[in-house]
Protein chains: 2
Amino acid sequence: MSKSILRTDAGESPDHEDDAGLRQAIELLFFAYRDFTGEADALLADTGFGRAHHRVIYFVGANSGITVAELLKILKITKQSLSRVLGQLIEEDFIDQRTDEIDRRRRRMYLTIKGAELERRLTERQSLRIEKAYQGVGPAGVEGFRAVLRGIINEEDRNTVSNIKKPEKKI
Amino acid sequence: MSKSILRTDAGESPDHEDDAGLRQAIELLFFAYRDFTGEADALLADTGFGRAHHRVIYFVGANSGITVAELLKILKITKQSLSRVLGQLIEEDFIDQRTDEIDRRRRRMYLTIKGAELERRLTERQSLRIEKAYQGVGPAGVEGFRAVLRGIINEEDRNTVSNIKKPEKKI
DNA sequence: GTATATATGTCAATAACACTGACTTAAATT
DNA sequence: AATTTAAGTCAGTGTTATTGACATATATAC
């Protein structure tokens, strides 16, 4: 009685993953992301910052010297949204913004000592959670995890994620 | 020069996953979730509903007859937050709420025809995305994907996700 | 060198989603 | 009869995001 809502409840589905398997994946993504971000959210709660600040700190940390436009492309939010968050982070000395030497329209962003310290604490927690989840899964399983997530990402953005095997990222 | 921020930039890290690998996983989760939800968000945009409505519709669809308290536990939001979203969904006839026959304090929720139709459209899209991501990864890889996500979820909630291999879910 | 395009920033209004705290109602349990 | 549980509501607040309009500085094209 409870089985499928995706298909019309008959017993077909021949060659592809069954509905239940796909629904399970949907739920796994929801719960995993909820808990994955929840931990960092809790750590941030004291500082007055939120998830948006975390994202900015993370990506500036991962891409030192990133420009505003590049950051917007990654986050897929509007300039005005970023502005508020970024303004606070600069104001409170977590991020340093410097004009590009060559193209003086561009502002490049860097973590301050304080910013890097916060980034480290946040990333450390999340890394630990993932590291634990990797345990007992085995290299092939971990590779499967990566491959499926990569496949879920919009094609045009798959290369935005740093690809370890290949030489070096740039962004 | 850009490598690690997690550890102090020296070349250690012996037995465990290296920082770059874990950072990559963090980014994969971010981008995958962003795009995974983005598609449904776009579909919802016309209707005036948002991601919160989607979550309620999804979980009521997956757990027909779920009570308010059970839904709150899954979503980890407050009663007041749910109230707004749920109220709209009932008002606009996507969800039907009926008093439990036995315990008349409980209100059980069900999708209406209209609600089930919307749920189907949303879940279909997301399922298709996951199905595509599964292609070429192989059964072991898919199992790895599931296992890692399950490991990321807080221990107390790992069984909230339907576990296909075992008899049946309940919630 | 003037015109145009690009990169960034800002002002104002609005909306979705979430929170805390305090309280009510109805029904079940003790 | 007293207490607990399930659900709902009122009021106030905060974070994250949106759209639209406009301003400034700099680079590039003609």
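The figures that follow rest on heavy atoms only: side chains count, while hydrogens, waters and symmetry mates do not. Here is how names work: the chains are called A, B, and so on, in the same order as the sequence lines, proteins then strands, and each is numbered from 1.
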Between [N] ([atom2]) and [X] ([atom1]): distance, integer Å:
| X | N | atom1 | atom2 | result |
| --- | --- | --- | --- | --- |
| A:Leu86 | D:dT16 | CG | C1' | 15 Å |
| B:Leu82 | C:dC19 | CG | P | 10 Å |
| B:Leu72 | C:dC19 | CG | P | 10 Å |
| A:Gln88 | D:dG14 | CD | C1' | 11 Å |
| A:Arg84 | D:dT15 | CZ | P | 8 Å |
| B:Gln80 | D:dG12 | CD | C1' | 12 Å |
| A:Lys79 | D:dA21 | NZ | C1' | 11 Å |
| B:Lys76 | C:dC19 | NZ | C1' | 16 Å |

Side chain to side chain contact (heavy atoms under 4.5 Å, CB included) for B:Leu71 and B:Thr67? Distances and angles first, verdict last. CA-CA 6 Å; B:Leu71 197 47; B:Thr67 65; over 6 Å; no

If you take any heavy atom closer than 4.0 Å to DNA chain D, which residues from residues 91-106 of chain A end up in contact?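 Here the set is A:Ile102, A:Asp103, A:Arg104, A:Arg105.
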
Residues in residues 38-56 of chain B with a heavy atom under 4.0 Å of DNA chain D, by number, are none

Using only side-chain N and O atoms of [X], determine if any of them is under 4.0 Å from OP1 or OP2 of [N].
| X | N | answer |
| --- | --- | --- |
| A:Thr78 | D:dA17 | no |
| A:Ser81 | D:dT18 | yes |
| A:Arg107 | C:dG9 | yes |

Between C:dT10, C:dC19, D:dT18, spot the one nearest the side chain of B:Ile77, thanks.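 Taking heavy atoms from C-beta onward, the closest nucleotide is C:dC19.
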
In chain order, what residues pass the side chain to side chain donor-acceptor pair (under 3.5 Å) check against A:Gln80, with sequence neighbours excluded?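 In terms of side chain to side chain donor-acceptor pair (under 3.5 Å), with neighbours along the sequence ignored, A:Gln80 is linked to no residue.
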
Residue list, side chain to side chain donor-acceptor pair (under 3.5 Å) with A:Arg158, at least two apart or on another chain: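 Once residues adjacent in sequence are excluded, A:Arg158 has no partner under the side chain to side chain donor-acceptor pair (under 3.5 Å) criterion.
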
Is the distance between the ring centroids of B:Phe30 and B:Phe36 under 6.0 Å? no

To the nearest 0.5 Å, what is the distance between CD (A:Gln97) and CD1 (A:Ile90)? 4.0 Å

Pairs touching residues 47-56 of chain A that satisfy salt bridge (charged side-chain N to carboxylate O under 4.0 Å, His left out), sequence neighbours left out: A:Asp41-A:Arg51

Does any pair with a residue in residues 76-100 of chain B pass ring-ring contact (aromatic ring centres under 6.0 Å, His included), and if so which ones, sequence neighbours excluded? B:Phe49-B:Phe94

Can you list the steps and then say if B:Leu75 with B:Phe59 is a side chain to side chain contact (heavy atoms under 4.5 Å, CB included)? CA-CA 9 Å; B:Leu75 299 174; B:Phe59 283 108; 3.9 Å; yes

Any chance the side chains of A:Arg146 and B:Gln24 put a donor and an acceptor closer than 3.5 Å?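 Result is yes, a qualifying pair exists.
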
